[in-house]
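Quantities reported herein were computed from a predicted structural model and do not represent experimental measurements. Chain letters run A, B, ... following the sequence lines, proteins first, then strands; residues in each count from 1.
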Number of protein chains: 2
Amino acid sequence: MPGPIQSLSRAAAIMRLLAGGERRLGLSEVATALDLAKGTAHGILRTLQQEGFVEQDPESGKYQLGAELLRLGQSYLDVHELRARALVWADDLARAAGETVYLGVLHQQGVLIVHHVFRPDDTRQVLEVGSMQPLHSTAIGKVLVAYDPVARGELGDGPYESYTLRTLTGAGELDAECALIRERGWADSVEETWEGVASIAALIQDRRRNPVGAVCINGPVERVCEDGFVKPSLVASVRSAARAISRDLGAGRF
Amino acid sequence: MPGPIQSLSRAAAIMRLLAGGERRLGLSEVATALDLAKGTAHGILRTLQQEGFVEQDPESGKYQLGAELLRLGQSYLDVHELRARALVWADDLARAAGETVYLGVLHQQGVLIVHHVFRPDDTRQVLEVGSMQPLHSTAIGKVLVAYDPVARGELGDGPYESYTLRTLTGAGELDAECALIRERGWADSVEETWEGVASIAALIQDRRRNPVGAVCINGPVERVCEDGFVKPSLVASVRSAARAISRDLGAGRF
DNA sequence: ACAGGCGGTCGACATTGTCGACCGCAGTGG
DNA sequence: CCACTGCGGTCGACAATGTCGACCGCCTGT
């Protein structure tokens with residue numbers, strides 16, 4: 001039976017729809033958005049609600065995502081091998097660099113942040129775990145595109161969305177950049193996604209040299225860069241953290 | 001059609017199964033555990049995999065939860081109204097009390113932590129957002145049981161699991177405790193779940209006085225208690241934070 | 001009082017998911 | 001070295017199952 005289960009695909013589409021829209025959605029909105037009969041949409045929503053994946057506001061009758069998703073998402077992190085092995089290295093890296101550290105993996109057409117170490121100072125920061133970042137304009141994303149053919153495939157031929165004046169929007173530019181990244185073994189992104197923010201990333205591989213993710217440090221341009229280039233000492237820190245995690249993954253199984 | 005959609009319920013059961021077992025599970029394990037035909041289980045798993053809810057280790061063929069769950073779980077938090085309104089108050093409470101702050105809601109037979117503010121000092125701490133805690137032995141749980149009939153219903157008649165010598169394990173004891181909690185308006189839990197840990201919780205209500213969750217502070221017995229009782233000043237801080245959040249929810253809609 | 005929208009229900013229909021036998025492969029122990 | 005046993009995965013027949021669109025009661029704004 002090589003074909004997806006219809007009701008399941010539809011349920012997934014509904015959850016993604018609910019995740020996308022910032023506000024709660026009514027039954028009819030869901031039905032028309034996905035081109036389903038109201039009865040069908042209702043049946044799926046009722047089941048999802050019963051399972052805790054969706055909740056219904058009792059007075060408006062509108063639907064939103066449910067708590068069970070948070071619980072299962074947490075379980076995903078618990079099992080995640082890359083994350084488990086990277087925890088301590090990421091912490092050390094943040095301490096050494098004095099900047100925010102992200103650990104990201106390829107997911108669909110973006111980078112999914114699976115770990116986030118706050119900058120050591122105590123300014124108020126928002127946890128980014130579970131959020132998505134673009135592939136073509138972040139350091140982690142570009143590392144993945146450079147080394148993982150799947151990531152390159154997901155990216156397509158562009159043109160890519162421009163976030164700042166420095167965002168690379170053409171496939172040609174980006175492929176050239178990726179060649180450079182492969183040559184030197186690390187990627188940077190200076191104000192390509194957010195004004196004033198620079199980051200440096202390096203690849204993490206498993207024991208068979210498959211790319212499985214990337215680490216990066218992330219901070220204000222003034223601290224990460226010097227004379228218009230990222231500081232070599234930070235590059236060294238990131239690369240050695242990535243190597244350490246890769247080594248850990250390589251030895252760790254079995 | 002008032003009946004759950006079979007394939008969806010089964011898919012949910014599979015995901016919960018994968019979340020429960022610490023390790024990856026094989027197709028046959030899943031099928032026998034849930035009493036499904038292998039073909040059926042495979043069809044569901046294939047669809048879940050395609051949607052990103054489940055991933056398959058390419059060399060062992062075993063299944064684990066997928067990244068999409070993390071992303072959707074994050075979206076759940078983004079929409080969560082209680083959490084959004086509580087963010088700043090929880091932060092202030094943590095600062096004022098100098099202790100860890102949790103924000104929890106009832107989910108199934110437990111407390112789901114939806115927000116966690118680290119203790120202001122910089123010791124290494126693990127983020128508990130998305131994890132579950134018991135209803136009968138934590139301060140948040142007991143507050144919910146005391147005020148929310150649904151929570152009391154979920155708890156059942158016991159006996160409840162014992163974690164330390166001070167855990168209340170009988171329905172009678174617990175109901176008496178709940179009466180006390182309702183009378184004075186707050187709950188505590190001193191070493192009822194973890195040795196050496198004490199916490200104080202208060203209820204959060206929405207604009208129609210329905211219980212929707214609770215805040216608590218959590219810290220070592222030596223700092224939270226004095227002469228064998230929790231410090232009144234901390235109780236006052238927690239209660240005023242809970243009132244502030246409730247007020248925020250009450251005024252906030254529309 | 002009405003019209004229009006909502007969430008939710010119902011029952012007939014046939015699409016759809018389910019089942020259990022079967023396949024090829026890998027590891028294993030005789 | 002070769003049955004043998006377990007695995008993940010496939011196949012096709014069958015009927016149970018999810019789907020559809022009309023319908024219901026309710027609330028809201030007019």
Please give, in whole Å, the distance from [N] [atom2] to [X] [atom1]?
X	N	atom1	atom2	value
Ile14(B)	dG17(C)	CD1	C1'	13 Å
Gln50(B)	dG9(D)	CD	P	13 Å
Arg24(B)	dG8(D)	CZ	C1'	16 Å
Ile5(A)	dC19(C)	CD1	P	10 Å
Arg10(A)	dC20(D)	CZ	C1'	10 Å
Leu36(A)	dT15(C)	CG	P	17 Å
Arg46(A)	dT19(D)	CZ	P	11 Å
Ile44(B)	dG9(D)	CD1	P	14 Å

Exercise. Toward the 5' end of DNA chain C, which comes first, Leu25(A) or Leu8(A), by nearest nucleotide?
Worked result: Leu25(A)
Problem set entry | Toward the 5' end of DNA chain C, by each residue's nearest nucleotide, Ser7(A) or Leu27(A) | Leu27(A)
To the side chain of [X], which of [options] is closest?
X	options	result
Ser28(B)	dC19(C), dG8(C), dG8(D)	dG8(D)
Gln6(B)	dT18(C), dC20(D), dG8(D)	dT18(C)
Thr40(A)	dG7(C), dT9(C), dT19(D)	dT19(D)
Ala37(B)	dT10(D), dT18(C), dC19(C)	dC19(C)

Using a distance-only test with no angle check, is there a side-chain donor-acceptor pair under 3.5 angstrom linking [X] and [Y]?
X	Y	value
Gln133(A)	Glu128(A)	no
Thr47(B)	Gln50(B)	no
Asp57(B)	Ser60(B)	yes
Ser7(B)	Ser7(A)	yes

For this session: May I ask you to say what Lys62(A) touches in the nucleic acid, namely base, sugar-phosphate or nothing, with a heavy-atom cut-off under 4.0 Å?
Result: nothing
For this session: Using a heavy-atom cut-off of under 4.0 Å over every strand shown, decide if Glu29(B) touches base, sugar-phosphate, or nothing.
Result: nothing
For this session: Output yes when at least one side-chain N/O atom of Tyr63(A) is less than 4.0 Å from OP1 or OP2 of dC6(C), else no.
Result: no
Exercise. His42(A) side chain N/O closer than 4.0 Å to the phosphate oxygens (OP1, OP2) of dG7(C)?
Worked result: no
For this session: Run the salt-bridge test on Arg23(A) and Glu29(A) with the 4.0 Å N-O cut-off and return the result as yes or no.
Result: yes
Exercise. Do Lys38(B) and dG9(D) have a side chain to base donor-acceptor pair shorter than 3.5 Å?
Worked result: yes
